[in-house]
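Every number for a ligand or one of its atoms is a count from 1 in the order of the listing.
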Amino acid sequence: MSKILEIRDLKAAAKRRVPKMFFDYADSGAWTEGTYRANEEDFRNIKLRQRVLVDMTNRSLESTMIGQKVSMPVALSPTGLTGMQHADGEMLAAKAAEEFGVPFTLSTMSICSIEDVASVTTKPFWFQLYVMRDREFVKNLIDRAKAAKCSALVLTLDLQILGQRHKDLRNGLSAPPKFTPKHIWQMATRPLWCLQMLQTKRRSFGNIVGHAKNVSDLSSLSSWTAEQFDPQLSWENVAEIKEMWGGPLILKGILDVEDAKMAARTGADAIIVSNHGGRQLDGAPSSISMLPKIVDAVGDQIEVHLDGGIRSGQDVLKAIALGAKGTYIGRPFLYGLGAGGKAGVTTALEIIHKELDITMALCGKRDIRDINRDVIAQ
Ligand code: FNR
C-alpha cells in the first residue's frame with residue numbers, strides 16, 4: 001500500500017478488487033446523487049485559517065465521544081453488507097478500529113453477526129439498530145447487543161422506507177443478492193475476492209438469518225427485509241427503545257433543526273447530523289451545511305456528531321470546528337476494507353489521523369479539544 005496517500009487512492013484500489021455490484025453499492029447515493037456529492041463538495045468550500053509562529057509541539061487528537069475515550073474523534077459508521085466488500089469485513093474492520101482506539105459501529109444489516117464481532121474484539125463496540133416491525137426481533141437484537149457488552153446503541157431514524165439507488169437497481173442488487181450470469185462474471189474477474197469469500201461461511205445477514213421468525217434461508221430473508229422497515233416509527237418508539245436498551249443512546253439521521261429539538265428532548269446522549277451518506281432523501285442539504293444551525297439550536301443540551309462526506313482529516317477538523325464533538329466515516333473505511341481488508345481499514349484511519357494532525361498544527365492549534373469556529377476562515 002505504499003502508493004496509498006489519500007482516501008481517493010483506497011477508493012481506486014477497492015474498485016479494482018471488489019466486484020462491481022458491491023463496489024457500486026458502497027459508492028452510490030439516492031437518485032441523482034446530488035446530496036451524496038454535496039456532502040463532499042460543501043466540505044471543500046469551507047476554508048481554514050492559516051496561523052504561523054505558534055508552538056506546535058506536543059499535539060493531541062485524543063478526545064471523547066459520549067464520554068468514551070477515542071484516539072481521535074472519528075468513529076466507523078454502521079454500514080450494511082460490509083462483509084461483501086471483503087470476506088468477514090465487519091470482524092476485520094472492528095479489529096482495526098479497536099486497535100486504533102476509535103469506535104466501530106455494527107449495522108443491523110451486517111453480514112457478520114453481533115456474536116461474530118464480539119468473538120474477535122476485546123473492547124466494546126457500538127451497535128446500530130433499525131427498528132423492524134417485528135418488535136420481538138428488535139427486543140431480541142437489543143438483548144444480544146447487551147450480552148455482547150456493546151457500549152452504545154445507535155438508533156437510525158432516517159430509513160423508515162428505503163431511498164431508491166439507481167446504481168443498485170441497474171446492477172440488479174437485491175437483499176439478499178440474487179446471482180445472475182452478469183454477477184457471476186463480475187465476481188469471476190475479482191479472483192482474490194472470490195477466493196476469500198469461498199473460505200468464509202459468513203455470506204448472509206448474520207444478525208437476521210436464524211434469529212427472525214421464519215427466516216432460515218436466503219429466499220425467506222428476501223421477503224422479510226422487504227416488509228420489515230417500519231414506516232410508522234415515532235418519537236414514542238424512540239422512548240420505548242431507550243427504555244429497553246437502558247445504556248448510552250445515539251440518534252442517527254437528524255438533519256433538521258426541529259427534529260434536533262425533538263431528539264434533544266428524548267434524553268439521548270448524542271445525535272448524528274446525517275443524511276445517510278446521501279442514500280435516502282436526494283435533494284436534502286449536506287450534513288456539514290446543517291451542522292452549525294443544529295449546534296446553535298441544541299448544542300448546549302445534547303452532544304452533536306456528524307457524518308457524511310468526510311474524506312480527509314481536514315474534513316474532520318472542519319466538522320469539529322463547527323461544533324461536532326465526534327464524526328463518522330462510512331465509505332472511507334469501506335474503500336480501505338475493499339482494498340486491503342483489515343490493513344486497508346487501518347490505512348484509512350492512519351491517513352485521516354495524519355491529515356487531521358498536520359492540519360490542526362498548521363491552523364496553530366495543539367489540542368483537538370480546543371478547536372472551535374476560530375479555525376474557520378471567514
Ligand atoms: C450506509 N449507512 C447506513 N446507516 C445505517 O444506519 N445503517 C446501515 O446499515 C447503513 N448502511 C450503509 C451502507 C453503505 C454501503 C453506506 C455507504 C452507508 C449510512 C452510514 O452509516 C453513514 O451515514 C454514511 O455512510 C456517512 O457518509 P460517508 O462517510 O459514507 O460519506
Aromatic contact between F137 and W224, with the criterion being ring centroids under 6.0 Å apart: yes or no?
yes
Is there a polar contact, in the sense of an N or O pair closer than 3.5 Å, between [X] and ligand 1?
X: M109; answer: no
X: I310; answer: no
X: P332; answer: no
X: Y130; answer: yes
X: Y328; answer: no

Would L334 count as a contact of ligand 1 if the rule is a heavy atom under 4.0 Å away?
yes
Please confirm whether Y36 approaches ligand 1 to less than 4.0 Å, judged on its heavy atoms.
no
Per-atom contacts, ligand 1 versus [X] - under 4.0 Å to a heavy atom:
X: G80; answer: 8 (C), 9 (O), 10 (C), 11 (N), 12 (C), 13 (C)
X: A26; answer: 15 (C), 17 (C)
X: R311; answer: 28 (P), 29 (O), 31 (O)
X: S274; answer: 23 (O)
X: G308; answer: 26 (C), 27 (O), 31 (O)
X: G309; answer: 28 (P), 31 (O)
X: K252; answer: 4 (N), 5 (C), 6 (O), 19 (C), 20 (C), 21 (O), 22 (C), 23 (O)
X: G330; answer: 25 (O), 28 (P), 29 (O), 30 (O)

Taking K167 first and then E33, would you say they form a salt bridge - that is, a charged N and a carboxylate O separated by under 4.0 Å?
yes
Quick test of your reading of the model: are E62 and K69 salt-bridged, counting only N-O distances below 4.0 Å?
no
Heavy-atom pairs closer than 4.0 Å: do any link ligand 1 to the side chain of [X], the backbone, both, or neither?
X: E40; result: neither
X: R331; result: both
X: S107; result: side chain
X: T156; result: side chain

What verdict does the side-chain contact (heavy atoms from CB on, under 4.5 Å) test give for S77 and T105, after you've listed the backbone C-alpha separation in whole Å, the side-chain angles of each residue and the deciding distance to 0.1 Å?
CA-CA 6 Å; S77 293; T105 320; over 6 Å; no
Please test W126 against I66 for side-chain contact (heavy atoms from CB on, under 4.5 Å), starting from the C-alpha separation and ending with a verdict.
CA-CA 12 Å; W126 295 356; I66 55 163; 3.9 Å; yes
Determine, stepwise, if the pair W235 / L157 fulfils side-chain contact (heavy atoms from CB on, under 4.5 Å).
CA-CA 10 Å; W235 289 105; L157 306 179; 4.2 Å; yes
Please test V375 against T359 for side-chain contact (heavy atoms from CB on, under 4.5 Å), starting from the C-alpha separation and ending with a verdict.
CA-CA 10 Å; V375 301; T359 306; over 6 Å; no
Are R331 and Y36 in a cation-pi setup, meaning NZ or CZ lies under 6.0 angstrom from the ring centre and within 45 degrees of the ring axis?
yes
Is R17 close enough and on-axis enough to F23, meaning under 6.0 Å and within 45°, for cation-pi?
no
If the test is salt bridge (charged side-chain N to carboxylate O under 4.0 Å, His left out), which one of E40, E355, E6 qualifies with R311?
E40
Nearest non-hydrogen protein atom, atom 22 (C) of ligand 1:
D307 OD2, 3.3 Å
Which pair of non-hydrogen atoms, one from R59 and one from D357, has the smallest distance, and what is that distance?
NE-OD1, 2.7 Å
Return the OG to CZ distance between S107 and F127, rounded to the nearest 0.5 Å.
7.0 Å
Output for pair (L81 CG, M21 CE), nearest 0.5 Å, gives 10.5 Å
Which option, S77, P78, G277, owns the non-hydrogen atom nearest atom 2 (N) of ligand 1?
P78
